[in-house]
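For reference, the structure is listed below as structure tokens.
Chain letters run A, B, ... following the sequence lines, proteins first, then strands; residues in each count from 1.
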There are 2 protein chains.
Amino acid sequence: MTPRDPNPRVARRSKDDVVDAALDLLDRVGLPDLSMRRLAEELGVQPSALYWHVASKQELLASVSSRILAAVILRASDPDDLEGAAVTLGRRLRDRLLAHRDGAEVVSSSLALGLVPSPLHEALRHVDGSPAAAVVADAITHYVVGVTFHEQQRRAADAWGAAASEVAVTPESALRPADDGFEAAMALIAGGIAPWRADTERVPGA
Amino acid sequence: MTPRDPNPRVARRSKDDVVDAALDLLDRVGLPDLSMRRLAEELGVQPSALYWHVASKQELLASVSSRILAAVILRASDPDDLEGAAVTLGRRLRDRLLAHRDGAEVVSSSLALGLVPSPLHEALRHVDGSPAAAVVADAITHYVVGVTFHEQQRRAADAWGAAASEVAVTPESALRPADDGFEAAMALIAGGIAPWRADTERVPGA
DNA sequence: ACCTGAACACCGTTCAAGT
DNA sequence: ACCTGAACACCGTTCAAGT
């Protein structure tokens, strides 16, 4: 008996429904095939109808990014353990990006456009208020997003066809596959925190 | 009197000319407006003519990326100074990316698609053959490309109009502007090399 | 060897008008 | 409040045919 919907047979969509459908379509067809027209078709609606719910495709993808990043939070954490928190969050971010097709690319551009908050920046600010937290959040976020983007593109290329083996770059000069390098890089960055602090926070005022 | 061009009045283009024009157009209009049709117009040619010189737009952008990255090399370097080489190369990469409009975005996808070699990986392999070099190259490359992409997008957004100030994310939860954070992050990552080595290269065989 | 002309199968977005 | 219909101004790519 809500006054909102006088005729329940007319299926009206909310913005959440549109974002749901977009994320679902992303997982099924990938970012290159995720068009407003295709999404509209999926929802049984004209393409122009989408523009009542979202201002642009970019804004829609930003909402999709928010959904993908929603689970990247720190439940409980030792304050003072910036290293531990950074590594945990880095792994969680990677997990979330890998959970959706082309997740890294979608999130990368939303982040770059400033349409979505950086989850590591927000979380690390709570465990450590020092300037170090922001620097660490930056380093880890860019590394994880970059490496996962690289990984997912490679996966898509491999899936599409191994026929491109001649144009592709030799393995030794390409960026490394992240599978084993990921933990190493995380350890490298996290391990840099202590010496960097010793160098930087030595001088309090001037 | 080269047999190649019987009539000098017919301006024939080489692939290099196409890539030149693409890089020039990129700097003038930016990646979103760099279309094959627009590029063809610039060259005084039909769009289909471009496909005699390049197989696809992606391949063209990979060639553009190669040009952008060509100057990211190490002239002379202390072997054993992985830290120093990494920081120098990171700064040089950032310089090259900033030298062209949307340089980071173009390079980012060419790198992800594996259509272009990673310059840091290649250069660092020469100063240090250990596994550390690859991990460091990965960490620095992804950080620099990511942070520069972010910076250039923000610049484009600001240039287009400050009217978007309401939709934009609050400054504190956005990724930091890289201007001062860049050197800090480079120091953080480079500073992680020594402790990481102490941890990892302790065990030689098993 | 290098390019034209014409087509194919798409895009994102706007906007008056409908219910 | 939510959506349709129709249009605008584009895309990347292919391919027979020309010179």
Side-chain angles (χ1 to χ4, degrees), chain A residues 1-22 25-26 29-64 106 109-110 113 115 160-161 163-164 167, chain B residues 1-22 25-26 29-64 106 109-110 113 115 160-161 163-164 167:
Chain A
M1 296 285 181
T2 68
R4 291 291 185 77
D5 199 356
N7 182 359
R9 285 166 186 280
V10 182
R12 278 172 138 81
R13 287 113 204 128
S14 66
K15 176 166 179 185
D16 268 7
D17 295 333
V18 174
V19 178
D20 280 345
L25 190 56
L26 176 69
V29 305
L31 188 58
D33 288 329
L34 173 47
S35 68
M36 296 301 269
R37 296 176 117 101
R38 179 80 201 268
L39 177 59
E41 195 182 351
E42 214 78 17
L43 286 161
V45 121
Q46 294 294 98
S48 53
L50 298 176
Y51 290 85
W52 195 89
H53 298 284
V54 297
S56 66
K57 188 182 184 182
Q58 242 167 34
E59 198 231 88
L60 172 63
L61 291 179
S63 299
V64 170
V106 172
S109 65
S110 294
L113 289 163
L115 298 173
W160 199 87
V167 235
Chain B
M1 294 283 182
T2 67
R4 290 294 185 75
D5 198 355
N7 182 359
R9 285 165 188 282
V10 183
R12 278 172 137 79
R13 287 116 203 124
S14 66
K15 176 167 178 184
D16 267 8
D17 295 333
V18 174
V19 178
D20 278 346
L25 190 56
L26 176 69
V29 305
L31 188 58
D33 288 330
L34 172 47
S35 68
M36 296 301 269
R37 297 176 116 101
R38 180 79 199 269
L39 177 58
E41 195 182 352
E42 215 77 17
L43 285 161
V45 120
Q46 294 295 96
S48 51
L50 298 176
Y51 289 87
W52 195 91
H53 298 283
V54 296
S56 66
K57 188 181 182 181
Q58 242 167 34
E59 198 232 85
L60 172 63
L61 292 179
S63 299
V64 170
V106 172
S109 64
S110 294
L113 289 163
L115 298 173
W160 199 87
V167 234

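Rounded to whole angstrom, the span from the CG atom of A:Leu39 across to the P atom of D:dC3 amounts to 12 Å. Rounded to an integer number of Å, the gap from CG of B:Leu60 to P of D:dG12 is 10 Å. Nucleotide D:dC3 holds its C1' atom 12 Å from the CG atom of A:Leu43, rounded to whole Å. The interatomic distance linking B:Trp52 (CH2) with D:dT19 (C1') rounds to 14 Å, in whole Å. The separation between A:Lys15 atom NZ and D:dA1 atom P is 17 Å, rounded to whole Å.
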Please evaluate residues B:Leu31 and B:Leu61 with respect to the criterion side chain to side chain contact (heavy atoms under 4.5 Å, CB included), reporting the C-alpha separation (whole Å), side-chain torsions for both, the decisive distance (0.1 Å), and the verdict.
CA-CA 10 Å; B:Leu31 188 58; B:Leu61 292 179; 4.3 Å; yes
Show your reasoning for whether side chain to side chain contact (heavy atoms under 4.5 Å, CB included) applies to A:Glu59 and A:Leu115.
CA-CA 8 Å; A:Glu59 198 231 88; A:Leu115 298 173; 6.0 Å; no
Go ahead and write out DNA chain C as dot-bracket, 5' to 3': ( ) for pairs within the strand, [ ] for ones crossing earlier pairs, | when the partner sits on another strand, dots for unpaired; Watson-Crick or G-U wobble, both distances under 3.5 Å.
||.|||||...|||||.||
Got a list of protein N/O to nucleotides 4-6 of chain D N/O distances below 3.5 Å?
unit_1: D:dT4; atom_1: OP2; unit_2: A:Gln46; atom_2: N; d: 2.7
unit_1: D:dG5; atom_1: O6; unit_2: A:Ser48; atom_2: OG; d: 2.6

For nucleotides 7-11 of chain C, which of its nitrogen or oxygen atoms have a protein nitrogen or oxygen under 3.5 Å away, and what is each distance?
unit_1: C:dC11; atom_1: OP1; unit_2: A:Ser35; atom_2: OG; d: 3.0

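Listed by chain and number, the residues in a side-chain hydrogen bond (donor to acceptor under 3.5 Å, both in side chains) with A:Asp16 amount to none (sequence neighbours excluded). Residues satisfying the salt bridge (charged side-chain N to carboxylate O under 4.0 Å, His left out) test with A:Asp17, not counting sequence neighbours, are none.
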Sequence neighbours left out, cut at 3.5 Å: what donor-acceptor pairs do the side chains of residues 32-50 of chain A make with other protein atoms?
unit_1: A:Ser35; atom_1: OG; unit_2: A:Arg38; atom_2: N; d: 3.0
unit_1: A:Glu42; atom_1: OE2; unit_2: A:Arg28; atom_2: NH2; d: 2.2

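Annotation: D:dC10 and C:dA9 have their P atoms spaced 22 Å apart (nearest Å).
Here CG of A:Leu113 is found 6.0 Å from OG of A:Ser109. Values are rounded to the nearest 0.5 Å. Here the straight-line distance linking atom CH2 of A:Trp52 with atom NZ of A:Lys15 works out to 11.0 Å at 0.5 Å rounding.
Summarising the geometry of A:Ser14 relative to A:His53, their closest heavy-atom pair is C-ND1, 3.8 Å, with the distance given to 0.1 Å. Looking at every heavy atom in both residues, B:Ser110 comes nearest to B:Ala62 through OG-CA, 3.4 Å.
Across the interface with DNA chain D, nearest-nucleotide mapping of B:Tyr51 and A:Arg13 shows A:Arg13 to be the residue nearer the 5′ end.
Put simply, B:His53 has a side-chain N or O that comes within less than 4.0 Å of OP1 or OP2 on C:dC3.
With D:dT13, C:dT13, D:dA1 as the candidates, the nucleotide lying closest to the side chain of A:Ser56 is C:dT13.
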